[in-house]
Visitor: 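One structure, as C-alpha cells, below. Some questions next.
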There are 2 protein chains.
Amino acid sequence: MAVTIYDVAKAAGVGISTVSRVLNESKNVRPETRQRVLKAIAELGYRPNPLARNLSRPGFLSVGVMLGFLTNPFQVAVLHGIQQVLSEVGPNLIVYSIDSAERRERLLHGISQGHRVDGLICVSFAPGPRHRQRLRRYNIPVAVADFRDPELLSVYVDNVRGGYLATRHLLEQGHRRIGYIQDVQEQPNGAFGNRPAQDRLEGYMQALAEAGLPVEADLVVQANVFSRAEGARAAASLLERPDPPTAIFACSDMLALGILEYARDRGLTVPDDLAVIGFDDIDLATFADLSTVRQPMVELGRQAAQLLWQAMRGQPLESRAVEMPLELVVRRSTAG
Amino acid sequence: MAVTIYDVAKAAGVGISTVSRVLNESKNVRPETRQRVLKAIAELGYRPNPLARNLSRPGFLSVGVMLGFLTNPFQVAVLHGIQQVLSEVGPNLIVYSIDSAERRERLLHGISQGHRVDGLICVSFAPGPRHRQRLRRYNIPVAVADFRDPELLSVYVDNVRGGYLATRHLLEQGHRRIGYIQDVQEQPNGAFGNRPAQDRLEGYMQALAEAGLPVEADLVVQANVFSRAEGARAAASLLERPDPPTAIFACSDMLALGILEYARDRGLTVPDDLAVIGFDDIDLATFADLSTVRQPMVELGRQAAQLLWQAMRGQPLESRAVEMPLELVVRRSTAG
DNA sequence: CTGAAAGCGCTTACAG
DNA sequence: CTGAAAGCGCTTACAG
C-alpha cells in the first residue's frame with residue numbers, strides 16, 4: 001500500500017498527531033520536530049490522502065458534469081455557465097467528457113452508485129431508466145441541460161419552435177426549396193439520434209406545412225460528425241443534385257459555418273445563390289455574419305447548476321423545469 | 001449532521017452491513033429486508049458519502065486543472081488534450097476555472113495543502129513560490145502547460161521563436177511598419193502580465209532588429225481582455241493615427257479575428273491594405289483564412305497530462321521539460 | 001441471509 | 001509542545 005501517516009510518524013519518531021500538525025501548519029510544533037517530520041515526509045514520498053483528510057472535516061461536495069466533445073462550442077458554453085455558478089457556491093466541478101456510448105455507460109454506472117459525486121449535470125442527454133433508478137435510490141440529484149425530462153430537474157429550449165422560426169424566416173425571404181442538415185450522435189442505449197435536432201426537424205416541417213409546401217425527403221440530410229468539414233460535406237450532397245435548395249437550415253452553427261465555407265469555395269454568393277441559417281448563436285456566428293436561432297447557452301448551464309445546487313442543499317425547488325427563450329437573429333447570410 | 005448509514009440501519013431495523021449490501025447491490029439480501037432498507041433510505045433522504053465510500057476501497061485519484069476563462073479556445077483545446085489522456089488512464093478531472101487572482105490564490109491555498117487533488121496541472125501559469133513549496137512538501141506533483149518552469153514538469157513552446165517567425169514572415173512580405181497587439185492578464189501575485197505574450201514581443205523585436213528596423217514604442221499596444229471586440233479596439237488605436245502600420249501581428253488568433261472584423265467594417269482590403277497574422281491556429285483560423293503560428297494545443301495538454309500521470313504513479317520521468325514545435329501557417333490574411 | 005468488529009487514513013479534542 | 005484515543009462514514013472479511 002501507499003505510505004501513510006503512520007509510516008511517517010514512525011520514521012520521524014513522533015506520534016501521528018504531530019505529523020498531522022506539521023501537515024496542517026499548526027503553530028504548536030517545535031522547529032526541530034517539524035524538521036524531522038518534513039524530512040521523513042520527503043524521504044518516504046508521503047502524500048496525504050485527500051479522501052481521508054476530508055472525511056474528518058466539513059469537506060467539499062463535488063458535482064459531476066457529463067458532456068460530449070469539448071470541441072463543441074455549444075457544450076463549452078454550457079459548461080462555462082455551470083462553472084460560473086459552482087465556483088461561487090463551492091463544490092468541485094468534475095468534468096466527464098463522453099466520447100462513446102460505452103464510456104458514458106461506464107461512468108454512469110460508477111456515478112449512479114454514488115462512488116464519485118454528490119450531484120450530476122448531464123448536458124444534452126438524460127441517463128437511461130436503470131441509471132436513473134439508482135441515482136434516485138442513492139438520492140443523487142440530477143439536472144439536465146438542453147434536454148427536457150419530466151422526471152428530472154431540466155432546463156431546455158423549445159427546439160420545435162426554434163426549427164419553426166428558422167424555417168419560417170427562410171420562407172419569408174421567398175425560399176421554397178429549403179434543405180435541413182441534422183446531426184446525429186450516439187445515444188446511451190447505443191442507438192443513434194439527437195433529440196434537439198429531431199425537434200428542430202419537426203419545427204421545420206411545421207413551417208413548411210403552414211406554407212403549404214411538401215416535405216421532400218431528399219432535402220433532409222444527416223451529418224455524422226460535429227464539424228465544419230461535415231457541414232461542407234452535407235452541403236455538397238444537398239447542392240450537387242439536379243434541383244438544389246436555395247436555402248439551408250443547419251441544426252448547429254458549426255455545421256452552418258461549414259456550409260458557408262463550401263459556398264465560398266464554390267464561388268456561390270451568400271445569400272443570393274444560397275441562404276444559410278444555423279442554430280445556437282455561438283461566438284463566431286457574429287464574425288461569420290451568420291443568421292441563426294440564439295440559445296442562451298451560458299444561461300442554460302447557469303440555471304441547471306442553480307437547480308442542482310438547490311436540490312443538493314435540500315432547498316425547496318420553486319420549479320423543476322425551466323424553459324429558456326429562443327430568439328431569431330437575422331444577419332447577412334439570409335438577408336444580404 | 002447528515003443522515004448516515006447508521007440512521008438507515010436503525011430505521012430499517014438491520015445492521016449497517018446489510019444497508020451496505022443493499023447499497024452495493026449484493027445478491028445476499030432477502031428481498032423483504034432489501035425493501036425495508038430501500039424504504040428507510042428513501043424516507044430519510046440518505047445519501048452515501050462518496051469520500052467514506054472510496055476510503056475503504058481502491059479508490060479514485062483526482063487531477064485538478066487550473067485554467068483561465070473557458071471562453072478562450074486555446075485553453076479549451078489544452079483542456080481537451082488533458083481530458084483525452086486522463087479519461088483513458090482513470091483519474092477524475094476537476095476543473096478550476098480562474099476568473100481572478102484572488103480566486104486563484106484561494107484555490108491554490110486549498111490544493112497545495114492536499115485537500116482536494118492528487119495531482120495538478122496549471123495552464124499558462126505556474127504557482128508562486130509559497131504554493132510551490134507546499135505542493136512539494138505534500139508531494140503533489142505539478143505540471144504546467146504553455147509555460148516553462150525549470151522546477152516543474154513543463155510542456156511549452158518557444159514563444160520567442162514564434163514571435164520571430166510571425167514577424168519575419170511579415171517582413172518578407174515587404175512590410176516595414178508592423179504593429180504588435182499583446183494581451184495582458186492578471187498574475188498570481190496580483191500584477192499584470194503574460195509571459196508567452198512577452199516572449200512573442202521579444203521575438204518580434206528580434207526580427208525587426210535583424211531587418212535593421214527600429215522598434216517603435218507606439219506600434220506595440222495592449223488588449224486588456226481576451227476577445228474579438230478588444231482586438232478590434234486595439235486595431236483601431238493602431239490604425240487611426242497619422243502613420244499607421246501596414247501589418248499587425250496579434251498575440252492570439254482571437255484578437256486577430258477582431259482585427260479582421262475591424263478591417264471589414266472599415267472597408268479595408270486584407271492583406272493589401274492591411275496584413276494580419278495571429279497566433280495559436282485555433283479551429284476558426286482556417287475559416288477566417290487567417291495566417292498564424294500554429295501551436296499544438298491539444299498535444300500540449302496531452303503531454304502535460306502524461307507527464308503528470310507518470311509522476312503520480314511514481315514512474316521515472318525520462319524528461320521533465322518538453323518543448324513542442326511551432327509552425328508558421330500562411331493563409332490569405334498575409335498573402336493574398 | 002445477517003450482524004459485530006476491524007479497518008480505510010486522516011483530524012481533533014483531551015490530557016499531560 | 002506532544003501522544004493516545006475517539007471519531008469521520010463507509011466496506012469487507014469473519015462468524016454464524
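In what follows, chains carry the letters A, B, and so on, assigned in the order in which the sequence lines appear, proteins first and then strands, with residues in each chain numbered from 1. Everything quoted here is computed from the prediction, not taken from an experiment.
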Visitor: By nearest heavy atom, map Leu23(B) and Val29(A) onto DNA chain D; which one lands nearer the 5' end?
Guide: Val29(A)
Visitor: Between the base of dG9(D) and the side chain of Arg47(B), is there any donor-acceptor pair under 3.5 Å?
Guide: no
Visitor: Would you say Arg30(A) places a side-chain N or O within less than 4.0 Å of OP1 or OP2 belonging to dT2(D)?
Guide: yes
Visitor: Quick check: on DNA chain D, is the nucleotide nearest Ser17(A) upstream (toward 5') of the one nearest Ser20(B), or the reverse? Name the residue that is more 5'.
Guide: Ser17(A)
Visitor: Rounded to whole angstroms, how far apart are CG on Asp118(B) and P on dC10(C)?
Guide: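 It works out to 11 Å between those atoms.
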Visitor: Please tell me which of the listed nucleotides, dA13(C), dC1(D), dG9(C), lies nearest to the side chain of Arg21(A)?
Guide: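 It is dA13(C).
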Visitor: Pairs of donor and acceptor atoms involving the side chains of residues 60-74 of chain B, under 3.5 Å and at least two apart or interchain, shall be tabulated with distances.
Guide:
unit_1	atom_1	unit_2	atom_2	d
Asn72(B)	OD1	Phe74(B)	N	2.8
Asn72(B)	OD1	Gln75(B)	N	3.4

Visitor: Answer yes or no: is there a donor N or O on one side and an acceptor on the other, between the side chain of Arg302(A) and the main chain of Ile82(A), under 3.5 Å?
Guide: no
Visitor: Apply the side-chain hydrogen bond (donor to acceptor under 3.5 Å, both in side chains) test between His131(A) and each candidate in Arg136(A), Glu105(A), Arg104(A); give the one that qualifies.
Guide: Glu105(A)
Visitor: Send over the distance from Ile41(B) CD1 to dC10(D) C1', rounded to a whole Å.
Guide: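 That distance rounds to 13 Å.
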Visitor: Does Thr18(B) place a side-chain N or O at less than 4.0 Å from the phosphate oxygens OP1/OP2 of dT2(C)?
Guide: no
Visitor: From CD1 of Ile5(B) over to P of dA6(C), roughly how many Å is that when rounded to an integer?
Guide: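 Going from Ile5(B) (CD1) to dA6(C) (P), I get 18 Å.
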Visitor: Are Glu43(A) and Lys39(A) close enough for a salt bridge, meaning some N to O gap below 4.0 Å?
Guide: yes
Visitor: Please tell me which of Gly15(B) and Ala52(B) maps to the more 5' nucleotide of DNA chain C, matching each residue to the nucleotide holding its nearest heavy atom.
Guide: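 Between the two, 5'-proximity favours Gly15(B).
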Visitor: Using the criterion of both pairing distances under 3.5 Å for Watson-Crick and G-U wobble pairs, give all stems of 3 or more consecutive pairs involving DNA chain C.
Guide: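 The stems are C:1-3 with D:14-16, C:5-12 with D:5-12, C:14-16 with D:1-3.
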Visitor: Between Asn54(A) and Pro50(A), is there a donor-acceptor pair closer than 3.5 Å when you use the side chain of the first and the backbone of the second?
Guide: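 Yes, Asn54(A) side chain to Pro50(A) backbone: donor-acceptor pair under 3.5 Å.
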Visitor: Return no unless some side-chain N or O of Asn49(A) is found under 4.0 Å from OP1 or OP2 of dC8(C).
Guide: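 No, Asn49(A) has no side-chain N/O under 4.0 Å of OP1/OP2 on dC8(C).
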Visitor: Could you state the atom-to-atom distance from NZ of Lys10(A) to P of dA4(D) in whole Å?
Guide: 13 Å
Visitor: Rounding to a whole Å, what distance do you find between Ile16(B):CD1 and dT11(D):P?
Guide: 9 Å
Visitor: Within 45° of the six-membered ring axis of Phe147(A) and under 6.0 Å from that ring's centre, is NZ or CZ of Arg195(A) located there?
Guide: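 Yes, cation above the ring, under 6.0 Å and within 45°.
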Visitor: How do Leu55(B) and Asn28(B) order along DNA chain C: which one's closest nucleotide is nearer the 5' end?
Guide: Asn28(B)
Visitor: So, is Arg53(A) close to the dG9(C) phosphate, meaning a side-chain N or O under 4.0 Å from OP1 or OP2?
Guide: no
Visitor: Name all pairs fulfilling the side chain to side chain donor-acceptor pair (under 3.5 Å) condition that reach into residues 138-151 of chain B, sequence neighbours left out, sorted by first residue then second.
Guide: Ser124(B)-Asp146(B), Arg132(B)-Asp149(B), Arg132(B)-Glu151(B), Arg148(B)-Tyr156(B)
Visitor: How long is the line joining CG of Asn54(A) and C1' of dC8(D), in whole Å?
Guide: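 Distance, rounded to whole Å: 11 Å.
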Visitor: Please confirm whether the shortest side-chain N or O distance from Tyr6(B) to OP1 or OP2 of dC8(D) is below 4.0 Å.
Guide: no
Visitor: Please report, rounded to the nearest Å, how far the C1' atom of dT2(D) is from the CZ atom of Arg34(A).
Guide: 15 Å
Visitor: Between the side chain of Asn24(B) and the main-chain N/O of Arg21(B), is any donor-acceptor distance below 3.5 Å?
Guide: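 No: the side chain of Asn24(B) does not pair with the backbone of Arg21(B).
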Visitor: Which whole-number value in Å describes the distance from Leu51(B) CG to dC8(C) P?
Guide: 18 Å
Visitor: Using the C1' atom in both, what is the distance from dT12(C) to dG16(C), to the nearest Å?
Guide: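 About 16 Å, rounded to a whole number of Å.
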